[in-house]
Structure formats: structure tokens, C-alpha cells
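What follows is a short report on a single structure.
Counting starts at 1 for both ligands and their atoms, in listed order.
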Amino acid sequence: MVREARPKLGRKARTKQGLIPSYDDFKKGALERKPYKSTFSKPSNNNGDRKRKRNDGDKESKYLNGKKKSDKREKVEFIKNSEVKNGDDFYDFGEEDENEYGSDSSADSSNGDVVNSGDEVVDSGDEEEGRAMFSDDEGDNDLLESANMQGLAKAFKTVGEKEQEKQKQQQEGEEEEKEEEEEVEEEDEEEEEEEKEDEFEFLDDDSDGLVEGEDGVDELDDELDDEEFGDDDDGEEDDAEVEINVDKSTLPSTEDQDSSNIAPDIHLSRTRIQEILNVLDDFTKLGERGRSRSEYVSQLISDIANYYGYTEFLAGKLFELFSPREAIEFFEANEVPRPITIRTNTLKTRRRNLAQALVNRGVNLKPIGNWTKVGLQIFDSQVPIGATPEYLAGHYIIQAASSFLPCIALAPQEGERVLDMAAAPGGKTTYLSALMKNTGCVFANDSNKARTKSLIANIHRLGCTNTVVCNHDAQEFPRVIGGFDRVLLDAPCSGTGVIAKDASVKTSRNEKDFIDLPFLQKKLLLAAIDSVDASSKTGGYIVYSTCSVMVDENEAVVDYALRKRSDIKLVDTGLVFGVPGFTSFRGKEFNQKLNLTRRYYPHTYNVDGFFVAKFKKIKLEEKPKK
Ligand SMILES: C[S@@+](CC[C@H](N)C(=O)[O-])C[C@H]1O[C@@H](n2cnc3c(N)ncnc32)[C@H](O)[C@@H]1O
């Protein structure tokens with residue numbers, strides 16, 4: 001039986017199936033420097049819940065005992081079993097996620113203009129949390145720890161209340177366990193009945209015509225099929241759908257079959273992703289004879305696109321950046337929100353004071369990492385983070401951790417003239433202003449007038465008095481004004497680094513975007529370079545950044561600028577973490593200094609995908625001989 005293709009499941013649907021890890025799991029990853037655990041990692045002892053284990057066991061035995069089952073069916077079942085084993089954690093994540101994120105989303109939504117307007121809003125994290133301290137402020141950490149404890153003690157309940165709650169929870173737990181047991185029993189009974197039905201089906205098949213001959217039974221069969229294998233998102237029932245579809249699919253181990261009219265089934269895709277990853281791990285041994293590696297890869301990309309809800313085009317482009325297993329880690333990390341982070345506005349307060357104030361309000365937080373003295377990671381909060389008195393007073397801004405990086409790399413000095421070419425909504429402008437202690441001047445430009453409103457609002461709220469907001473197409477610089485000590489170009493980009501925040505990127509980016517965007521980025525970067533004064537006594541630097549992970553928008557743009565302008569060189573970003581940029585990619589050779597640029601990925605650092613390059617403009621007469 002061939003089923004019609006169903007529309008791709010979006011993020012929501014998959015969330016329902018439990019794709020997104022719980023906040024706790026995510027927290028563990030960020031705090032303990034544990035890499036994000038991929039669903040597709042090699043099988044491990046899972047800790048799925050009791051009920052699920054029981055079901056898996058049942059399923060396994062059912063499949064293994066599968067009486068009159070054909071070879072074809074057995075093959076599928078083998079794959080299904082491996083899927084179930086690998087998938088347990090996965091489902092558990094999702095069950096917790098919705099509850100855990102309640103308070104976080106409120107923080108986001110209350111953040112008004114900032115939330116809606118750019119890459120500043122959604123959050124990032126850091127894996128160096130274990131070592132994270134207020135690096136310069138001695139004793140800050142102890143203070144923060146004790147502040148945290150005091151605050152939490154205040155915010156949380158009294159011991160008596162806690163005891164009561166514990167007892168209540170115990171009672172509820174017992175009741176739940178009872179319910180679970182009953183459910184399992186019910187399911188056992190149901191499955192027994194299903195098995196009986198299976199036997200019947202086989203009998204019917206064998207005695208061809210007995211059932212089919214009866215009026216309406218065909219339709220009823222179809223309906224039952226629909227119910228059993230139908231359009232809902234229940235994983236277990238959909239497993240059965242795999243049985244139907246799989247015999248005509250392009251599984252790694254099956255003969256060549258026409259799959260054109262096979263449903264793009266999400267569970268089948270997931271199973272097959274795992275299978276193909278295993279094959280690609282040891283292609284010589286596990287690859288099917290006559291089937292090339294690239295055939296497996298095409299199938300894998302198609303399954304990734306189907307499973308995670310990307311266009312095949314974008315899935316393929318992102319896949320190219322990594323080894324197959326790492327690519328899956330990347331795609332998985334895009335299903336998980338990054339941590340909520342805030343940046344202390346040092347124009348108005350110190351991080352330890354801010355932390356103390358927020359802890360007193362019931363916010364559970366920690367320093368982001370030892371690479372930043374101003375970042376705090378928020379774990380949970382009893383108040384909306386985007387509406388506390390401290391927020392309204394401009395003591396902090398909700399800002400993705402990766403978005404700190406270009407400002408740290410630019411390292412503006414007091415008294416300098418700095419241009420932020422694409423500045424709205426101002427997360428970076430306000431950081432630059434703070435780094436310069438409100439001295440000198442930051443020209444904050446954005447070509448989108450509507451977005452300059454949020455830029456201005458943030459500048460006001462954070463008390464940045466050294467800024468000038470302008471509204472030009474940045475390509476017009478330096479004709480508008482030039483001679484800057486430093487220029488930041490946080491360029492408009494495809495947003496492929498922030499898919500966790502904006503899932504629409506998965507389907508909205510096409511081939512043309514990756515021609516048009518680099519074209520604009522190249523022109524903007526040349527304008528940025530030309531706007532810097534090579535003779536600046538304190539500066540002469542340009543930082544180029546994007547929240548894209550695409551080589552076309554990053555290394556290729558930087559390489560182009562190096563070819564077009566002889567008065568610049570790449571220099572170290574000064575950033576203490578990050579993966580070096582590509583010096584070659586898919587047959588293209590870039591300037592070898594591209595290894596000085598830095599890439600950031602959600603799956604490696606639990607931050608938004610980001611790219612940072614830093615140039616020094618040199619006076620031509622100073623240009624070193626080759
Ligand atoms: C990645 S966002 C900038 C985020 C900002 N740097 C921050 O940290 O808040 C890119 C910005 O570039 C602006 N933009 C797009 N094309 C531009 C152009 N030709 N000139 C100047 N700004 C442009 C967009 O309006 C958008 O606000």
C-alpha cells in the first residue's frame with residue numbers, strides 16, 4: 001500500500017514528538033561543558049522512562065516473534081528496533097521542554113522592540129561555565145554565589161512549605177505510577193489484540209478474497225489503516241507506518257526501488273539518517289555493493305531536509321560544512337533554543353550589583369564564562385527578565401552571547417570615533433558605547449528607518465550619550481563621513497547561525513539569497529574598509545561579522561576584500577574561543593590568513609552560529625613587502 005505524501009512536519013509538530021531537549025538537559029550541557037547530546041549519537045544506555053522501556057520491549061518482542069512476517073518486514077523491524085533504542089532520550093527531552101520554558105518565553109516577549117528586531121535578542125550560552133568567574137573582580141564569584149543563595153532562599157519557600165510540597169509530590173508520584181501501570185496494562189491488552197488482528201490479516205491475505213469480497217470491508221480496512229498508521233504524531237503508531245512505506249523506499253540495504261510516490265515519512269527519515277550515518281562511518285565495510293557514497297549522502301540530505309523541516313537546498317548547503325555526524329549535531333542543536341543571556345550595562349552598574357539585584361528578585365543566574373566580564377546566563381526567573389526595574393533602568397540588555405564577540409574583537413578605545421554600519425537594534429552599538437565609557441563618538445547607522453526606532457530606544461534606555469544615529473545605505477560610506485578609528489560591520493545575512501531562533505530560515509533561503517547577500521556583504525565590507533583612517537593613532541581596525549555559518553557570506557567575502565584592497569591585512573580577533581575559519585572549501589582556496597577568523601556553532605559552544613573577522617588597515621607606505 002502506498003500512502004500519499006504528507007506535508008513536512010514543522011518544528012511544532014516535532015516538539016510534540018519530543019525533539020527539543022528539556023531546559024534541564026540543556027542546562028547540563030551549558031554548565032558542565034558537556035557537548036550537546038545528539039539523538040543520532042552512537043547507541044548508549046538510555047534512561048527512558050519506565051513506560052517507554054516497557055513499550056520498547058514489547059515492540060521488540062512483538063517484532064521478533066512476528067509469526068508470519070515476510071523478510072521485507074523483518075528488515076524493517078530490525079531498523080525500527082535500533083531507532084527505538086537510540087531515541088529514548090530524545091522523547092524524554094520534549095516532554096519536559098514546554099513546561100520548563102514558560103518563564104523564559106515571557107522574558108522574550110516582554111522585551112518589546114529588542115525581541116522583534118534583530119539578532120540581539122535570542123540568547124546564547126557558553127560551555128566554560130564551570131570555570132566561569134568574574135575574572136577581574138576578585139571575590140566577585142563568592143559574592144555572587146552567596147547572593148544567589150540568599151536570593152533563592154528568599155524567593156523560594158520556607159522549609160515547612162517545602163516539606164508540605166514534598167509530601168504532596170510523593171502522593172502525586174504514587175498516583176502517577178499507578179496510572180502508568182494501568183496504562184501499560186491497557187496497552188499490553190491492546191497490543192495482544194493487535195497481534196491477533198495481525199494474525200487475522202495474514203490469514204485473510206492467504207485466503208485471498210474472503211475479506212475483500214465483502215462489501216465495504218476494503219474501505220474499512222483503509223480506515224483502520226488510517227487510524228493505525230495515520231496522520232497523528234504519535235511516534236509509536238507511526239512506527240507502523242514505516243512498515244508500510246519502507247518496502248519501496250531507498251533504504252541503504254534494499255534493491256533499487258522507485259521511491260517517487262513514497263510518503264516523506266518523518267520517522268522513516270529519522271531511522272534512515274541513523275542507518276546511513278552508520279554506513280558512512282565505515283563505508284568500505286558497510287556500504288552496499290554498487291551503491292556509491294554520494295548516493296548515500298544524497299539520501300541522507302534528503303532525509304535531513306524531511307526530518308528537520310529544511311528545504312533540500314539549504315540542508316545540503318549546511319551539510320557541506322561538517323562531517324556527516326557533526327552535521328547532525330548541528331541540525332539537532334538548531335532544534336534547541338540557546339540559553340538566555342544578558343549583558344550588564346557598565347555605564348550604569350557593575351555585574352556583581354546587577355546579579356545581586358536580580359537574584360533578590362528570584363532570578364537564578366551565573367556568569368556566562370571567563371571570556372566576558374559583563375555577561376550573565378539566566379537559568380530561570382520568577383519575574384519577566386525583559387521587564388524588571390533593572391531592565392527598565394537600563395542596567396542590562398538581553399543579548400545573545402555570540403553577539404558580544406564582534407565588539408570584544410573590535411575593542412574600541414576611549415575617545416575614538418567608531419562607526420557601527422548596520423546597527424539596529426543596537427545590542428552592539430550600546431556595548432561599543434559602554435566599552436568606550438561614553439567617550440568619543442559611535443556613529444550608529446542602519447538603512448532601515450523603522451529599525452532605527454528600536455536602536456534609539458535602546459541607546460536611550462542604556463544611557464549611551466556618545467552616539468549619533470544615522471539612516472543611510474552603508475554602501476554610501478565613506479562619502480557620508482569617513483576617517484574612523486574603527487568600523488564594525490555586523491552585516492545583514494542569511495541568519496543560518498540563528499535557526500534555533502528563527503525556524504523560517506529553514507525554508508525561506510534559496511540559491512539567489514546566497515548570491516545576493518554575499519554581493520551586498522562584499523560591497524559593504526569594502527565601504528567599511530574605506531571608511532577607516534589607516535593613520536589612526538589608536539585604531540585602524542575593521543571587524544566583519546555575521547550570524548551566518550555559510551562560507552559564501554563569511555570566508556568568501558573576507559577573501560574578496562583581501563583581493564580588492566591591498567591596504568588591509570587580517571589580524572587575530574583576540575577572541576579566546578572559536579573554530580578557525582576555512583582556508584579552503586570545496587575546491588576553493590582562500591587566503592591562508594583566513595585561519596585567523598573565527599567561527600562559532602550552536603553545537604560546539606551552545607551559542608548562536610557566528611563568524612568574526614578582524615582587519616587592520618595599514619598605511620600603504622607601511623605595507624610589508626611580500
Ligand atoms: C544583523 S542586523 C544588525 C544587528 C545589530 N548590529 C545589533 O547588534 O543589534 C543587520 C542590520 O543591517 C541592516 N542593513 C541591511 N542592509 C543595510 C545597508 N545596505 N546599509 C546599512 N544597514 C543595512 C538591517 O536593517 C539590519 O538592521
Side-chain angles (χ1 to χ4, degrees), residues 111-124 341-343 345 374-375 397-410 412 418-435 442-459 461-462 464 467 469-481 486-499 501-502 505 513 516-528 530-531 542-550 553-554 557 600 607-612:
N111 196 21
D113 49 354
V114 178
V115 168
N116 296 324
S117 42
D119 72 340
E120 291 321 288
V121 191
V122 184
D123 352 287
S124 311
T341 52
I342 61 175
R343 175 176 59 78
N345 178 20
V374 292
I397 181 166
I398 300 173
Q399 186 167 14
S402 53
S403 163
F404 298 9
L405 300 168
C407 304
I408 297 173
L410 190 67
V418 175
L419 171 63
D420 186 355
M421 277 192 137
K428 294 181 193 73
T429 300
T430 52
Y431 192 9
L432 298 177
S433 172
L435 287 169
V442 182
F443 287 77
N445 176 73
D446 202 283
S447 63
N448 184 330
K449 194 157 191 185
R451 282 170 69 88
T452 58
K453 282 187 188 156
S454 53
L455 171 62
I456 292 166
N458 277 318
I459 286 172
R461 186 173 62 82
L462 299 189
C464 305
T467 51
V469 173
C470 36
N471 172 220
H472 296 281
D473 182 335
Q475 295 171 72
E476 290 167 21
F477 286 88
R479 287 188 296 280
V480 178
I481 182 169
R486 299 177 199 240
V487 174
L488 172 63
L489 172 57
D490 185 36
C493 70
S494 63
T496 45
V498 289
I499 290 172
K501 183 166 68 183
D502 181 6
V505 171
D513 290 325
D516 293 349
L517 281 166
F519 184 72
L520 173 64
Q521 288 155 347
K522 285 170 186 169
K523 288 209 279 187
L524 291 173
L525 182 52
L526 293 186
D530 297 343
S531 304
I542 302 108
V543 164
Y544 174 76
S545 63
T546 70
C547 57
S548 164
V549 292
M550 292 303 185
E553 298 178 77
N554 297 321
V557 173
Y600 299 87
V607 297
D608 287 338
F610 230 83
F611 175 83
V612 181

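Atom numbering of ligand 1 starts at 1 in the shown order; those under 4.0 Å from a heavy atom of M421 are 21 (C), 22 (N). Every atom of ligand 1 with a heavy atom of N448 under 4.0 Å away is listed here by number and element: 25 (O). Heavy-atom contacts of G427 reach the following atoms of ligand 1: 7 (C), 8 (O), 9 (O) (cutoff under 4.0 Å). The H472 neighbourhood of ligand 1 comprises atoms 20 (N), 21 (C), with distances under 4.0 Å to a heavy atom of that residue. Of all atoms in ligand 1, listed by their number and element, those nearer than 4.0 Å to a heavy atom of N445 are 21 (C).
At a cut-off of 3.5 Å, with distance as the only test, a side-chain donor of S548 or T496 sits close to an acceptor on the other residue. A donor and an acceptor atom, one from each side chain of T452 and D446, are nowhere located under 3.5 Å apart. Looking at E553 and S494, their side chains do bring a donor and an acceptor atom within 3.5 Å of each other. Between the side chains of T546 and D490, no donor-acceptor pair is found at a separation under 3.5 Å.
In this structure, the side chains of C464 and T429 stay at 4.5 Å or more apart for every pair of heavy atoms. The closest side-chain heavy-atom distance from V487 to V418 is not below 4.5 Å.
Every N/O-N/O distance between Q475 and ligand 1 stays at or above 3.5 Å. Close N/O approach between A491 and ligand 1 is not found [any backbone or side-chain N/O within under 3.5 Å]. Note: an N/O pair closer than 3.5 Å links A422 and ligand 1 by distance alone. Annotation: L520 places no N or O atom under 3.5 Å from an N or O atom of ligand 1; distance criterion only. Below 3.5 Å of separation, one finds an N or O of A424 facing an N or O of ligand 1.
Residue contacts with ligand 1 do not include C493, since none of its heavy atoms lies under 4.0 Å from the ligand. Ligand 1 lies out of reach of Q399, whose nearest heavy atom is not under 4.0 Å from it.
Looking at S447, A423, G426 and measuring to atom 14 (N) of ligand 1, the nearest heavy atom belongs to S447.
Take Y431 and apply the ring pair (Phe, Tyr, Trp, His ring centres under 6.0 Å) test, not counting sequence neighbours, and it matches F404. Taking the salt bridge (charged side-chain N to carboxylate O under 4.0 Å, His left out) definition, one finds that D530 meets it with R565, sequence neighbours left out.
With a heavy-atom cut-off of 4.0 Å, K428 touches ligand 1 through backbone and side chain alike.
Residues N345 and A434 share a closest heavy-atom pair of OD1-CB, 4.1 Å.
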